[in-house]
Amino acid sequence: MTATLLRTAADLHARVRTGRRAVVMTMGALHEGHATLIRTARKIAGPEGEVVVTVFVNPLQFGAGEDLDRYPRTLDADVELAGTSGADAVFAPSVDEVYPGGEPQVRINAGPMGERLEGAARPGHFDGMLTVVAKLLHLTRPDVALYGQKDAQQLALIRRMVRDLNFGVEIVGVPTVREEDGLALSSRNRYLSPAERRTALALSQALFAGRDRHAAQEALRARAREVPASRARAEALSAIGESRAAADAHAVATTAGGPAAIRAAARLVLDEAARLDPPLTPDYLALVDPSDFTDIGDDFTGEAVLAVAARVGATRLIDNIPLTFGTFGDAS
């Protein structure tokens, strides 16, 4: 399948629409993670619908000293990958097309959630991101828009903007795609030297360590629920050697644990990576409620996000995994 390259909104609006339009927004330098988004969009749009991939490196979301100038621009390859993954069109507007009067004076404000974690590390980043997403939603006029869960805070803010400002579009999050060794796919991975890439594995390894600690805690809590409620039942279990296991499970589940232990397990991996050559320099490690990206407490139940950001050399990377609390089930 060959994707049509479009440079203006007028060209995009001139296309005949016969079904649902699904849009995948990117800054280019497409990789398998983007291809997964596009293939998912194709399934959602169906054979009668249309998949549009946007390629636009948005200057508003890059701060002073960030990598706007060196951000990879590979449009020819992007169009080819988009087409083979199922896109009908690639909308690659110029800066003047998106911001015809120069930088916009009216912008979307990301609010308190946009000042936490990534927002604190990159002031103004989310205001710029939401502004361009709002503009691209208006320019592309989709029925559904898809975003990767690797940018969890971005996805949460887009969902909040769409809900709070009554955008008539469905937002779909697509799970993070990883290399076989666990490294999350990112356009910035190409900046890493072989040694830096080995160090960068600590991001996913830290998350997996936290996930494993969480899974163990949830299993122990499930086991603790089986602790006998009566002396007679305790004596009966003791006779078959079960009371010690139940007591051990109860002790572990009700003492040091919870979110603090999950963060500690992940932090240990990051601390070790900080002593590597080249070293990992963490920006943050957080276990948060995805509705507002505030830290969760010991009594939290429901979906949470364990997120990390760090630098290796001159490259800054982010990653996260979802965790579920209070279901006594497996972390996902």
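Quick note: residue numbers are just sequence positions, from 1.
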How many angstroms lie between atom CG of D295 and atom CZ of R116, to the nearest 0.5 angstrom?
9.5 Å

A92 and L75: which non-hydrogen atoms are nearest, and at how many Å?
CB-CD1, 3.9 Å

Please say yes or no: joined through hydrophobic side-chain contacts below 4.5 Å, possibly via intermediate residues, are I38 and V23 part of one cluster?
no

Rounded to the nearest 0.5 Å, how far does CD of E170 lie from CG of L146?
8.0 Å

Tell me, do F293 and P112 make a side-chain contact under 4.5 Å, heavy atoms counted?
no

Between L30 and T74, does a side-chain contact (heavy atoms from CB on, under 4.5 Å) hold up when you go through it step by step?
CA-CA 8 Å; L30 303 189; T74 58; over 6 Å; no

From CG (L192) to CG (L317), nearest 0.5 Å
5.5 Å

Can you tell me if CD on E97 sees more than 12 non-hydrogen neighbours from other groups inside 6.0 Å?
yes

Find out if a path of hydrophobic residues (ILVMFWY) with successive side-chain heavy-atom gaps under 4.5 Å connects V288 to L270.
no

Where do M25 and L137 come nearest, in terms of heavy atoms and distance?
CE-CD2, 3.5 Å

Can you establish whether the number of heavy atoms outside D76 located under 6.0 Å from its atom CG is more than 12?
no

Start with the C-alpha gap between K150 and V177, add the side-chain angles, then the distance that decides, and say whether side-chain contact (heavy atoms from CB on, under 4.5 Å) holds.
CA-CA 8 Å; K150 186 179 81 70; V177 179; over 6 Å; no

Give the minimum heavy-atom separation between P290 and E303, together with the two atoms involved.
CD-O, 3.1 Å

Please identify each residue that fulfils side-chain hydrogen bond (donor to acceptor under 3.5 Å, both in side chains) with Y147, with sequence neighbours left out.
none

Donor-acceptor pair, R73 side chain versus M27 backbone, under 3.5 Å?
no

Could you check whether any side-chain N or O of N320 sits under 3.5 Å from a backbone N or O of Q149, counting only pairs where one atom can act as donor and the other as acceptor?
yes

Which atom names give the shortest non-hydrogen contact between P59 and V57, and what distance separates them?
CD-O, 3.2 Å

Can any side-chain N or O of H13 pair as donor or acceptor with the backbone N or O of L139 at less than 3.5 Å?
yes

Walk me through whether L155 and I171 qualify under side-chain contact (heavy atoms from CB on, under 4.5 Å).
CA-CA 9 Å; L155 175 59; I171 302 299; 3.9 Å; yes

Parallel, tilted or perpendicular for F325 and H214, by the 30°/60° rule?
tilted

L183 pairs by side-chain contact (heavy atoms from CB on, under 4.5 Å) with which of R178, R197, Q205?
R197

If I take atom CD from residue Q217 and atom CD1 from residue I262, how far apart are they, to the nearest 0.5 angstrom?
4.5 Å

Could you check whether any side-chain N or O of H34 sits under 3.5 Å from a backbone N or O of H31, counting only pairs where one atom can act as donor and the other as acceptor?
yes

A side-chain contact here means heavy atoms from C-beta on lying under 4.5 Å apart; do D88 and R42 qualify?
yes

Spell out, yes or no, whether Y99 and L130 are grouped together once hydrophobic residues are joined by side-chain heavy atoms under 4.5 Å, including indirect joins.
yes

Without placing hydrogens or testing angles, list every side-chain donor-acceptor pair under 3.5 Å for residues 100-109, not counting sequence neighbours.
unit_1	atom_1	unit_2	atom_2	d
E103	OE1	R107	NH2	2.9
R107	NE	P104	O	3.0
N109	OD1	G111	N	2.7

Quick check for you: to the nearest 0.5 Å, what is the distance between T4 atom OG1 and E50 atom CD?
9.0 Å

Donor-acceptor contact below 3.5 Å, side chain T18 vs main chain E48:
yes

Cluster question for you: counting only ILVMFWY and a side-chain heavy-atom cut-off of under 4.5 Å, with indirect links fine, are L60 and L165 together?
yes

When you look at D96 and S94, which way does the side-chain hydrogen bond (donor to acceptor under 3.5 Å, both in side chains) test go after all the steps?
CA-CA 5 Å; D96 288 340; S94 66; 5.2 Å; no

Please walk me through it: do R188 and Y71 pass side-chain contact (heavy atoms from CB on, under 4.5 Å)?
CA-CA 8 Å; R188 290 183 169 92; Y71 194 87; 3.9 Å; yes

Is T84 reaching over with its side chain to a backbone N or O of L81, donor-acceptor style, under 3.5 angstrom?
yes

Has T176 got a side-chain atom pairing as donor or acceptor with A184's backbone, closer than 3.5 angstrom?
no

I need the minimum non-hydrogen distance between D283 and A121, along with the two atoms involved.
OD2-CB, 4.4 Å

Keeping the roles fixed (side chain from R213, backbone from A265), state whether a donor-acceptor pair exists under 3.5 Å.
no

Only one of R17, R21, R20 passes side-chain hydrogen bond (donor to acceptor under 3.5 Å, both in side chains) with D143, and that residue is R17

D127 side-chain N/O to A110 backbone N/O, donor-acceptor pair under 3.5 Å
yes

In the single-linkage hydrophobic clustering (I, L, V, M, F, W, Y; side-chain heavy atoms under 4.5 Å), do L136 and F167 co-cluster?
yes

Ignoring hydrogens and angles, tell me if any N or O in the side chain of Q154 forms a donor-acceptor pair with the backbone of M129 under 3.5 Å.
no

Nearest heavy atoms of A89 and R15, plus distance in Å:
CB-CZ, 4.0 Å

Using 0.5 Å steps for rounding, measure from the CZ atom of R198 to the CG atom of L280.
14.5 Å

